[in-house]
2 protein chains.
Amino acid sequence: MSTSTDTLNIPGLRMTKQRKEVYRVLTETRDHPTAADVYDRVKLSTPGISLATVYNCLETLVEHKAVKQVNFERESSRYCPNLNEHGHFHDEITGTIHDIKFKDGIKLSDFLDIPEDTHITNLDITLRGILPKN
Amino acid sequence: MSTSTDTLNIPGLRMTKQRKEVYRVLTETRDHPTAADVYDRVKLSTPGISLATVYNCLETLVEHKAVKQVNFERESSRYCPNLNEHGHFHDEITGTIHDIKFKDGIKLSDFLDIPEDTHITNLDITLRGILPKN
DNA sequence: AGCCTTATTTAGAATAATTCTAAGTCTTAA
DNA sequence: TTAAGACTTAGAATTATTCTAAATAAGGCT
Ligand SMILES: [Mn+2]
Ligand SMILES: [Mn+2]
Ligand SMILES: [Zn+2]
Ligand SMILES: [Zn+2]
């Protein structure tokens, strides 16, 4: 919940102003913004940045596993700085997206029928729905 | 596993040749084809069909819950005639996509931390990985 | 500091999946 | 039969994203 003030550092990468700002925007408000959202926010502090650079920075951050890319259906990709394994819930009333934790100690094979020893490299769980007592 | 010979019938919809053929192609080979794949296959029996019509038919079938639309990351949508609730596994070696059953009697809240009484309208689970002894 | 090499950024063009538009065709129900 | 509406079609448009090529910035080294 608290904002880390550590500077992002990825070995072999130049921590340019643009990369730092894109990353800062993602950690500052964890609302799963799209690239266009990030662009709008970064422009406030870095007016000269281009949308291409925002896409480049996001791609770099994703490649280096500093953030996650999250897709809902065929909408624009969204970006998430939560590196813990988690799913996403899209609230149909408010439009907000919430991180969903997996129950502690649960294994994929506890709820999915997958062959023994399958090596899972990626797992995406996304839900849409309506929260109670809304 | 057996192919049903029942004709698809959706109340209020005209079962045109195009819709029947698109649906037949989807049930005939359950390999999760893209719209372009479906187009190629339907053209064999219905050479005059247009890609727009394939998209229209797929959209109609999805809207009426006769088939499911499945998305992997930002790839082209794929289509699946399996109406049981299931997830998808994308085999990174062969590129094939497999349906994944949920374990019997499992509830979402058994493995996900969601507020009580949340009304889930949609659930997407997709995995990528490598099968054993490949 | 000045110079060189390479990474990064940038604007704009290109791409690709999908959706839209408008016109033609088919179905169905009086 | 005929009119209304449903459906299909070709091609244009849209939109998120990626690509291209030129400009700039960052480091490393002297
Ligand atoms: Mn996210
Ligand atoms: Mn599928
Ligand atoms: Zn998240
Ligand atoms: Zn399926």
Side-chain angles (χ1 to χ4, degrees), chain A residues 7-26 32-64 66-80 90 97 126, chain B residues 7-26 32-64 66-80 97:
Chain A
T7 302
L8 176 67
N9 181 51
I10 301 174
L13 280 195
R14 291 184 187 164
M15 258 325 124
T16 61
K17 172 135 195 279
Q18 291 86 348
R19 285 178 178 160
K20 277 193 282 229
E21 288 297 286
V22 165
Y23 183 71
R24 183 186 56 73
V25 156
L26 291 178
H32 303 90
T34 63
D37 294 333
V38 171
Y39 180 47
D40 289 341
R41 294 174 195 180
V42 170
K43 270 191 295 189
L44 299 174
S45 60
T46 311
I49 199 171
S50 76
L51 179 57
T53 296
V54 170
Y55 272 105
N56 290 341
C57 292
L58 290 169
E59 178 180 48
T60 299
L61 293 172
V62 169
E63 276 172 354
H64 291 80
V67 305
K68 291 180 167 177
Q69 183 170 12
V70 179
N71 297 296
F72 287 89
E73 316 269 313
R74 305 207 58 71
E75 298 172 11
S76 307
S77 284
R78 295 174 175 278
Y79 298 87
C80 170
H90 188 120
I97 292 162
T126 66
Chain B
T7 302
L8 176 68
N9 182 52
I10 302 174
L13 279 196
R14 292 184 186 164
M15 256 329 122
T16 61
K17 171 131 194 282
Q18 291 87 348
R19 283 177 180 163
K20 277 193 282 228
E21 287 297 286
V22 166
Y23 183 71
R24 182 187 57 71
V25 156
L26 290 179
H32 303 89
T34 63
D37 294 333
V38 172
Y39 180 48
D40 289 341
R41 295 176 193 179
V42 170
K43 269 191 295 190
L44 299 173
S45 61
T46 311
I49 198 170
S50 76
L51 179 57
T53 297
V54 170
Y55 272 107
N56 290 341
C57 291
L58 290 169
E59 178 181 47
T60 299
L61 293 172
V62 170
E63 277 172 354
H64 291 80
V67 305
K68 290 181 168 177
Q69 183 171 12
V70 179
N71 297 296
F72 287 90
E73 315 270 313
R74 306 207 59 70
E75 298 172 12
S76 307
S77 284
R78 296 173 175 277
Y79 297 87
C80 170
I97 293 162

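Just so you know, these numbers come straight off a predicted model, no measurement behind them. Note on naming: letters A, B, ... go to the chains in the order of the sequence lines (proteins, then strands), and numbering restarts at 1 for each one.
Considering only side-chain N and O atoms, B/Arg19 lies under 4.0 angstrom from the phosphate OP1 or OP2 of D/dC7. Residue A/Thr34 places no side-chain N or O under 4.0 Å from the OP1 or OP2 atom of D/dA16. Within the 4.0 Å cut-off from OP1 or OP2 of D/dA16, not a single side-chain nitrogen or oxygen of B/Arg74 is found. Between B/Ser50 and the phosphate of D/dT9, there is a side-chain N or O to OP1/OP2 separation shorter than 4.0 Å.
Between B/Val25 and B/Leu44, every side-chain heavy-atom pair lies at or beyond the 4.5 Å cut-off.
Remark: of the listed residues B/Arg74, B/Glu75, B/Glu73, B/Arg74 is the sole one forming a side-chain hydrogen bond (donor to acceptor under 3.5 Å, both in side chains) with A/Asn71.
To the nearest angstrom, P of D/dC7 lies 11 Å from CD of B/Gln18. Atom CG of A/Asn56 and atom P of D/dA16 are 18 Å apart (whole Å). Remark: P of D/dT8 and CG of B/Leu58 are 12 Å apart, rounded to the nearest angstrom. Atom CD of A/Glu59 and atom P of D/dA16 are 18 Å apart (whole Å). To the nearest angstrom, P of D/dT9 lies 11 Å from CG of B/Leu51.
For the 3.5 Å distance criterion, the side chains of A/Asn56 and A/Thr53 fail to qualify, holding no donor opposite an acceptor.
From one end of the helix from C/dA1-D/dT30 to C/dA30-D/dT1 to the other, with five pairs defining each end axis, the axis direction shifts by 20° (rounded to 10°).
Under the 3.5 Å distance criterion, the side-chain polar atoms of B/Thr46 are left unmatched by any main-chain donor or acceptor of B/Lys43.
Comparing B/Gly48 and A/Asn71 by the nucleotide of DNA chain D that holds the closest heavy atom to each, the one mapping nearer the 5' end is B/Gly48.
Extent of DNA chain C lying under 4.0 Å from chain A heavy atoms, first and last nucleotide in 5' to 3' order, is C/dT6 to C/dT18.
Near DNA chain C, defined here as any heavy-atom distance below 4.0 Å, there are no residues from residues 35-47 of chain B.
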